[in-house]
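Basis for what follows: all heavy atoms, side chains included, without hydrogens, waters or symmetry-related copies.
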Amino acid sequence: MIHSYALITLSRAIVLPGLSHRTGKPCRVVSTRQLVVSINDETVALEGCLDPRGHGFRAALRDISTVQRGLIEHAEFMSPRSLIMRRVLDLPSAVDYGSGSASAAYYSLSTQDSVELIGGWGDAQGNVTVQMLPICGFLAPTEDPVVAPWRQLGHLWPNGQFARPSGAEVVSFVRQAGVVFAGVMPASIVQETEERFAQTWGAGWRPGAISEEALSMAEKIAQVSKPRKYVPVTPELIRLAAKKPLLHSTGVPWDYAPTTCYPGRKIWRNGLTREGVAVPRDDWAVAKFFAQREER
């Protein structure tokens, strides 16, 4: 039984897969520093979030697992009938959050720590689109650690859904903070994503075990980098955050790196650039999406 709701303010902005205000289905990426959560005796559940303009959005995940220590800056308990809560709680959700365990976790970097990565998308007509975009949100196996190395199962794209990554592993984010927010994706969304990938690329899209090379490299990096600390998101953590003063951090950017007019954006569709040039076979990061398609 839900006892209360709270508005959580984060010290850094993250990205979440947001749901449509009309259909309740994943449709976009939302940059946020304010999470709306419900709290019961033992757990904290994500109900949605507010974007930089204060507009509410439902999120495509419900279970929060861990956050980087210090990410939760403040919390304020609120009535479910308050105006801020209604901005989120009155919105539709067509996601089956389910009660069973999912095979994939959701990781978010800070919006200012986005990394340019290549991902692919296959539609129902057999077309394959590959793009290089700034990425903040990832799918990863639930058994993998939050601290790299971990395997990539998906990249969160601007449409609020996941594209197949070109790379199989994340070894390190070098001097960046790395993952700051981790949750568990609903089994329904994970299954839909896996089926979409398999339809386009067959069973070979799924990455294997973390390589020994990645483990060795990550170990060397850990020897010279201070490891980040993570804490589970519990009702007690929220109660402690509610005792902190709201700092109203200034100069903390919210917005996710632009995607629609990103100057370095690269796009390949069905093996061709926008200028009609074919992808070279030795450009394996891109060609793999089209080579596997031709072999099927």
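- Atoms CZ and NZ, on Arg281 and Lys288 in that order, are 15.5 Å from each other to the nearest 0.5 Å.
- Checked by atom type and distance alone, the side chain of Asp144 pairs as donor or acceptor with a backbone atom of Arg151 at under 3.5 Å.
- When the side chains of ILVMFWY residues are joined at heavy-atom separations under 4.5 Å, either directly or via intervening members, Val146 and Leu215 end up in two distinct hydrophobic clusters.
- Leu117 is not listed as a side-chain neighbour of Ser166, based on a closest heavy-atom distance of 4.5 Å or more.
- Between the side chains of Gln161 and Thr193, not a single donor N or O lies within less than 3.5 Å of an accepting N or O.
- By the 30° and 60° cut-offs, the orientation of the rings of Trp150 relative to Phe138 is perpendicular.
- Atom CD of Glu143 is separated from atom CD1 of Ile210 by 8.5 Å, given to the nearest 0.5 angstrom.
- Put simply, the side chain of Gln131 does not reach to within 4.5 Å of the side chain of Ile118, judged on heavy atoms.
- You'll find the side chain of Asp123 stays beyond 4.5 Å of the side chain of Val128, heavy atoms only.
- In this structure, Ser108 contributes its side chain and Gly137 its backbone to no donor-acceptor pair below 3.5 Å.
- One finds no salt bridge joining Arg12 and Glu73 here, because no Lys/Arg side-chain nitrogen approaches an Asp/Glu carboxylate oxygen to under 4.0 Å.
- Side chain of Ser65 to backbone of Ala182: a donor-acceptor contact under 3.5 angstrom is found.
- More than 12 heavy atoms of other residues, nucleotides or ligands sit less than 6.0 Å from atom NZ of Lys244.
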Does the ring-ring contact (aromatic ring centres under 6.0 Å, His included) test come out yes or no for Phe289 and Trp201, once each step is laid out? CA-CA 8 Å; Phe289 291 102; Trp201 295 288; 5.7 Å; yes
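- One N or O on the side chain of Gln68 and one on the backbone of Val179 form a donor-acceptor pair closer than 3.5 Å.
- To the nearest 0.5 Å, the span separating CD1 on Ile72 from CG on Leu240 amounts to 10.0 Å.
- Taking the side chain as every heavy atom from C-beta outward, Arg206 and Phe197 never approach each other to under 4.5 Å.
- Ion pair Lys25/Glu192 not flagged as a salt bridge, since none of the NZ, NE, NH1 or NH2 atoms sits closer than 4.0 Å to an Asp/Glu carboxylate oxygen.
- Within the model, atoms CG of Leu272 and CD1 of Ile267 stand 13.0 Å from one another, a figure rounded to the nearest 0.5 Å.
- Looking only at side-chain heavy atoms (C-beta outward), Val15 and Phe181 stay at 4.5 Å or farther from each other.
- Leu139 contributes atom CG, which lies 6.0 Å from atom CE of Met185 (distance to the nearest 0.5 angstrom).
- Geometrically, Arg196 engages Trp121 in a cation-pi contact defined by less than 6.0 Å to the ring centre and at most 45° from the axis.
- Between the NE2 atom of His155 and the CD1 atom of Ile135 there is a distance of 6.0 Å, given to the nearest 0.5 Å.
- Of the possible polar contacts, one joining the His21 side chain to the Gly56 backbone as a donor-acceptor pair under 3.5 Å is found.
- Between Glu47 and Arg58, at least one side-chain N (NZ, or NE/NH1/NH2) sits under 4.0 Å from a carboxylate O, which counts as a salt bridge.
- Counting heavy atoms from C-beta outward, Ser103 and Glu194 have side chains that approach closer than 4.5 Å.
- Residues Cys49 and Val88 fail the side-chain proximity criterion, which asks for heavy atoms closer than 4.5 Å.
- Side-chain atoms of Gln152 never come within 3.5 Å of backbone atoms of Val170 as a donor-acceptor pair (strictly under, hydrogens ignored).
- For the pair Leu237/Pro232, no side-chain contact is recorded, criterion being any heavy-atom separation below 4.5 Å from C-beta on.
- Within the cation-pi definition used here (under 6.0 Å to the ring centroid, within 45° of the axis), Arg62 qualifies as a partner of Tyr97.
- Between the Arg28 side chain and the Leu19 main chain, no donor and acceptor come within less than 3.5 Å of each other.
- Under the rule for a side chain to side chain donor-acceptor pair (under 3.5 Å), the partners of Glu236 that lie at least two apart in sequence or sit in another chain are Arg239.
- Of the possible donor and acceptor atoms, one in the side chain of Asp51 sits under 3.5 Å from a partner among the backbone N and O of His55.
- With 3.5 Å as the limit, one finds a donor-acceptor pair spanning the side chains of Glu195 and Gln191.
- Under a hydrophobic clustering in which Ile, Leu, Val, Met, Phe, Trp and Tyr are joined whenever their side-chain heavy atoms come within less than 4.5 Å, directly or via other members, Leu91 and Tyr5 fall into different clusters.
- Remark: of the listed residues Leu50, Val30, Thr32, Val30 is the sole one forming a side-chain contact (heavy atoms from CB on, under 4.5 Å) with Phe57.
- Heavy-atom contacts from other residues, nucleotides or ligands closer than 6.0 Å to CZ of Arg274 number more than 12.
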